[in-house]
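Everything below concerns the one structure shown next.
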Amino acid sequence: MDDRCRRVKVFGLLFVGIATIFLCGWFLWKDRFFMIRVLRVYREQRPPASLSIMQPLNGAIYPKDFASPTFQWVSDPSVDVWVIHFERTGKPAQLSFLTGQNRWIPTRRQWDRIRSLVGQGQAQLLVIGANRSNAVDIVKTGSVVFSIAPDPVAAPIFYREVNLPFNDAVKDPTKIRWRFGSVSSSTQPPVVLENLPVCGNCHSFSRDGRIIGMDVDYASSKGSYVITQTAQQMVLATTDIMTWNDYKKEDGRQTFGLLSQVSPDGNLVVSTVKDRSVFVATEPLAFSQLFFPIKGILAVYNRQTETFQALPGADDPAYVQSNPMWSPDGRYILFARAPAYELRAADKDQILLTSDQVSEFLKEKKEFKFDIYRIPYNEGQGGIPEPVEGASHNSKSNYFPKFSPDGKWIVFCQAENYMLLQPDSALYVIPAEGGKARRLECNTERMNSWHSFSPNGRWLVFSSKVYSDYTQLFLTHFDEQGRTTPPILLDRFTTSNRAANIPEFVNLAPEAITCIHESFLDDYSFVRVGDQFYRAGDADGAITNYYKALELNPNSVRAHVKLGFLLYHVKNQIRQGKDHSQRALELDPGNVFAHYDLGYALLLEGQAGRAIEHLSKAVELAPKGVNMQYNALRMHSTLARAYFIEGQYAKAIPSLEILLVLAPDNLKNRYDLAIALISTGKIDQALEHYKAAVTKDPSIDRSPQLHLWLAEKYAKERRFAEAVASAEKAAAIARALGQVQQANQILEQAREYQHNL
């Protein structure tokens, strides 16, 4: 019985298997017959092309080591099936496939068959939209020609993914990530660096790929730069970090050091120092950042000697010299140059600017154009900078120059104005020695930038926003004559909610970098992140990061200062806020921010006497203020208010006089100064300020004490008529304020003066 059951089961499984194979074969043959019928009808009818094929574009070339690409065309709701047909130009060989979507990615086996079909020639891709119910009904057709180059890419790409808008990325840099991968892989390039709580920007590699340099925010320096050897498991350590601020740091001017470039041999790094840039967030999602330098010179850092030096010929403060790029042999440097510009509304030593401070560019659309210059490196001695013909003095802005690896060509960006993220940015090519510029054939209709050559010089990767507000990467073939082909979208390199930018081919194997860890973060790194959240108006995000800073360093003065302010004034956590301010003063008795914050808190709580101790110290430490939040106007005004509450009018005079200079039209300050001066007996000076204030605004006259003091001074000088008038004025103001008892007492005083008339 058991043997019989087993035989039945075996025969059953065999039957199911045969039936499955038969059905699969039947459907395959059915699809095959359907495709044959559609193609026959197409050849008989030859309907006009009506379908737009998005990828590949006509004339595109794929590298021979390219993984299965994405074929995509415009969808049509009246089509329920698409026939994808490949034919070798001039050859009978052909392949056909079916899909129900307007996007098709061949399997590895299918792509191998297509590549074999194309060979060294051209192939036609024909896409036919039809209906299964009636194969005779061809709805849409379109075709393009493409080919596969014998040249491989043979190098992976390192690039950055950024969340948009720009303000979000700045506020929370942990969402920025870096990927490293090859076009020969059928999977998305893996993330090798992420969750970095400080901002990381431009990166570059040595020619052999063994050295990487990257801008990072570290400690108290915006100009920090990490430079280290590449490895599968990389660690960015504190010992790998230098700062461009160390270049002539004795002058006290900060440096960003953006757009740095490692030399081909990896021994040097060139960057812009002593710089100032328009670097602000803007409204549109796609172009939510405006960046371009308006001041700066070029300096070179030597890794072996750990020294800095300006590059003669590119160190003229009359110009902004930025965006440097080495020639493949390291003998020359290209850079973008323009006359330096002084903003109308910015502090000369300020690096981070607000939108209001760059209004001439944001609102008035002031032009700013760069020319590309060449200078010899000459062992650090520099030379005479020369404009590069075709990339200078053309009424355009020219930037991001890149040499081809063989040194024969320069590809650069050109736009109407500015530098980064320009919608009209296009790629141009000129001979390395200069010449007539030619717009590259690979350009899309919307922003073309951040380009990089493959090590063999046959491929160019670049960024564009032609299909999405989120920047995508594209690949084009670059031949010996400097011509390019229609671009191929690197679909697997793109994430729907991230902008892919700063792509760079690296002369390494695809598995050469698998993970990058940081080991340089300290408490100040989290303080910097907290500051970004605070500037973006996110108090909770700021507080979270300030607490992280305290986890690393419980004695972080700046974290305590920031928490003291936010917890007290924003979160209404009174005790906790004061505790942090007091702790900051224990650690740093001369901290002006903590003194002011604690003094202001005490003043709000009605402890004006204790408040004066801290507010006066803050003013003593920073009589001219520190920044927009802790400015002189606010600090002196708060101190004067505390003195008035305590009745120490004379001590308020220095602050009130400063307020008069800072805000001469502020009538309240002028009126208070009159009160303080009268309290010391300086009647003439007091009356001058009193009349100036009250004449313009009689309603400001609300101090019975001012007029009472004035009456007393007049009485001492036996000017009793004036004393009576002043006393009666004091009584009237007191009565208007509801101070009836005080008004009556003042009138009694007035009667005494009256008797002396």
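The figures here come from the full heavy-atom set of this structure, side chains too, leaving out hydrogens, waters and symmetry mates.
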For Asp316, what residues pass the side-chain hydrogen bond (donor to acceptor under 3.5 Å, both in side chains) criterion, not counting sequence neighbours? none
What closest approach, in Å, do Asn501 and Ser463 show between heavy atoms, and which atom pair accounts for it? CA-OG, 3.8 Å
Determine whether Glu480 and Arg458 satisfy the following criterion, side-chain contact (heavy atoms from CB on, under 4.5 Å), listing intermediate values before the conclusion. CA-CA 8 Å; Glu480 293 182 356; Arg458 294 282 73 91; 4.0 Å; yes
Going by the rule side-chain hydrogen bond (donor to acceptor under 3.5 Å, both in side chains), which residues pair with Glu161 if we only count those two or more places apart in sequence or in a different chain? Arg177, Arg179, Thr495
Is any side-chain heavy atom of Asp275 less than 4.5 Å from a side-chain heavy atom of Pro293? no
By salt bridge (Lys or Arg N to Asp or Glu O under 4.0 Å) - contacts of Glu283 (at least two apart): none
Gln232 and Glu511: side-chain contact (heavy atoms from CB on, under 4.5 Å), yes or no, with the steps? CA-CA 7 Å; Gln232 273 196 320; Glu511 65 279 2; 4.2 Å; yes
Between the side chain of His203 and the main-chain N/O of Pro503, is any donor-acceptor distance below 3.5 Å? no
Could you walk me through whether Leu196 and Ile176 satisfy the side-chain contact (heavy atoms from CB on, under 4.5 Å) test, starting with their C-alpha distance in whole Å, then the side-chain angles of each, then the deciding distance to 0.1 Å, before giving a yes or no? CA-CA 7 Å; Leu196 194 64; Ile176 300 174; over 6 Å; no
Does this structure show an ion pair linking Glu360 with Lys365, if we count only N-O contacts that are shorter than 4.0 Å? no
Just jot down the ring-ring contact (aromatic ring centres under 6.0 Å, His included) partners of His477, sequence neighbours excluded, or say none. Trp459
Counting distance only, does the side-chain N/O of Ser404 pair as donor-acceptor with the main-chain N or O of Trp409 below 3.5 Å? yes
Under 6.0 Å between ring centres, would you say that holds for Phe158 and Phe205? yes
All heavy atoms of Arg115 vs all of Phe66, minimum pair found to be NH1-O, 3.3 Å
Say whether, by atom type as modelled, one donor and one acceptor occur between the side chain of Ser425 and the main chain of Met447 under 3.5 angstrom. no
Is Glu433 paired with Arg374 through a side-chain N to carboxylate O contact shorter than 4.0 Å? no
Return yes when atom CD of Glu364 has more than 12 non-hydrogen atoms of other residues, nucleotides or ligands closer than 6.0 Å, and no otherwise. yes
Looking at Thr282, Leu259, Leu421, which hits side-chain contact (heavy atoms from CB on, under 4.5 Å) with Phe291? Leu259
Donor-acceptor contact present, side-chain Tyr470 to main-chain Asn163, <3.5 Å: no
Would you mind telling me which of Phe462, Trp450, Phe493, Phe180 makes a ring-ring contact (aromatic ring centres under 6.0 Å, His included) with Tyr159? Phe493
Donor-acceptor side-chain pairing of Asn267 and Ser263 below 3.5 angstrom: no
Testing the 3.5 Å rule here: is there a donor-acceptor pair between the side chains of Glu441 and Thr484? yes
Rounded to the nearest 0.5 angstrom, the OG1-CG distance for Thr230 and Asn507 is 10.5 Å
Rounded to the nearest 0.5 Å, how far does SG of Cys442 lie from CD1 of Ile488? 11.0 Å
Verify whether one side chain among Asp65 and Ser184 offers a donor that lies under 3.5 Å from an acceptor in the other. no
Who are the salt bridge (Lys or Arg N to Asp or Glu O under 4.0 Å) partners of Asp208, not counting sequence neighbours? Arg210
Are any non-hydrogen side-chain atoms of Leu57 and Val144 less than 4.5 angstrom apart? no
Residues 318-327 vs side-chain hydrogen bond (donor to acceptor under 3.5 Å, both in side chains), sequence neighbours excluded, gives Thr272-Ser322, Ser327-Asp329
Selection residues 414-428 - residue pairs positive for salt bridge (Lys or Arg N to Asp or Glu O under 4.0 Å), sequence neighbours left out: Lys369-Glu416, Lys396-Glu416
With ring centroids as reference points, do Tyr399 and Phe335 lie under 6.0 angstrom apart? no
Lys465 NZ/CZ over Phe287 ring centroid, <6.0 Å and within 45° of normal: yes
Checking Thr255 side chain against Lys274 main chain: does a donor-acceptor pair fall under 3.5 Å? yes
Could I get the full list of ring-ring contact (aromatic ring centres under 6.0 Å, His included) partners for Tyr301, not counting sequence neighbours? Phe308
Counting only heavy atoms not in Glu445 (residues, nucleotides, ligands), do more than 12 fall under 6.0 Å from its CD? no
Can you confirm whether or not the ring centre of Phe453 sits under 6.0 Å from the ring centre of Phe478? yes
Mind running side-chain hydrogen bond (donor to acceptor under 3.5 Å, both in side chains) on Asp491 and Thr70 for me, showing each step along the way? CA-CA 7 Å; Asp491 192 45; Thr70 299; 3.1 Å; yes
Leu334 side chain reached by Tyr332 side chain, heavy atoms, under 4.5 Å: no
Do Ile333 and Met325 have side chains that get closer than 4.5 Å, going by heavy atoms? no
Output all residues satisfying side-chain hydrogen bond (donor to acceptor under 3.5 Å, both in side chains) with Gln481, sequence neighbours left out; order by chain, then residue number. Arg483
Taking Thr444 for its side chain and Val466 for its backbone only, find out whether a donor-acceptor pair lies under 3.5 Å. no
Value rounded to 0.5 Å, distance of CD1 in Ile375 from CD1 in Ile384: 9.0 Å
Sequence-distant partners of Phe368, ring-ring contact (aromatic ring centres under 6.0 Å, His included), two or more places apart: Phe292, Phe370
Spatial distance of atom OH (Tyr373) from atom CG (Asn398) [nearest 0.5 Å]: 11.0 Å
Sequence neighbours excluded, which residues qualify as salt bridge (Lys or Arg N to Asp or Glu O under 4.0 Å) partners of Asp315? none
Checking Ser271 side chain against Gly257 main chain: does a donor-acceptor pair fall under 3.5 Å? yes
Output, in order, the C-alpha distance, side-chain angles, deciding distance and verdict of side-chain contact (heavy atoms from CB on, under 4.5 Å) for Gln414 and Asn394. CA-CA 10 Å; Gln414 186 180 99; Asn394 50 19; 3.3 Å; yes
Test item: Ser277 side-chain N/O and Phe279 main-chain N/O as donor-acceptor pair under 3.5 Å: no
Report yes or no: does His451 contribute a side-chain atom to a donor-acceptor pair with the main-chain N or O of Leu460 at less than 3.5 Å? no
Taking the side chain from Asp479 and the backbone from Gly482, do they hold a donor-acceptor pair closer than 3.5 Å? yes
Taking all heavy atoms of Ile410 and all of Pro401, pick out the closest pair and write down the distance. CG2-CB, 4.2 Å
Applying side-chain hydrogen bond (donor to acceptor under 3.5 Å, both in side chains), can you list everything that pairs with Arg331, at least two apart in sequence or on another chain? none
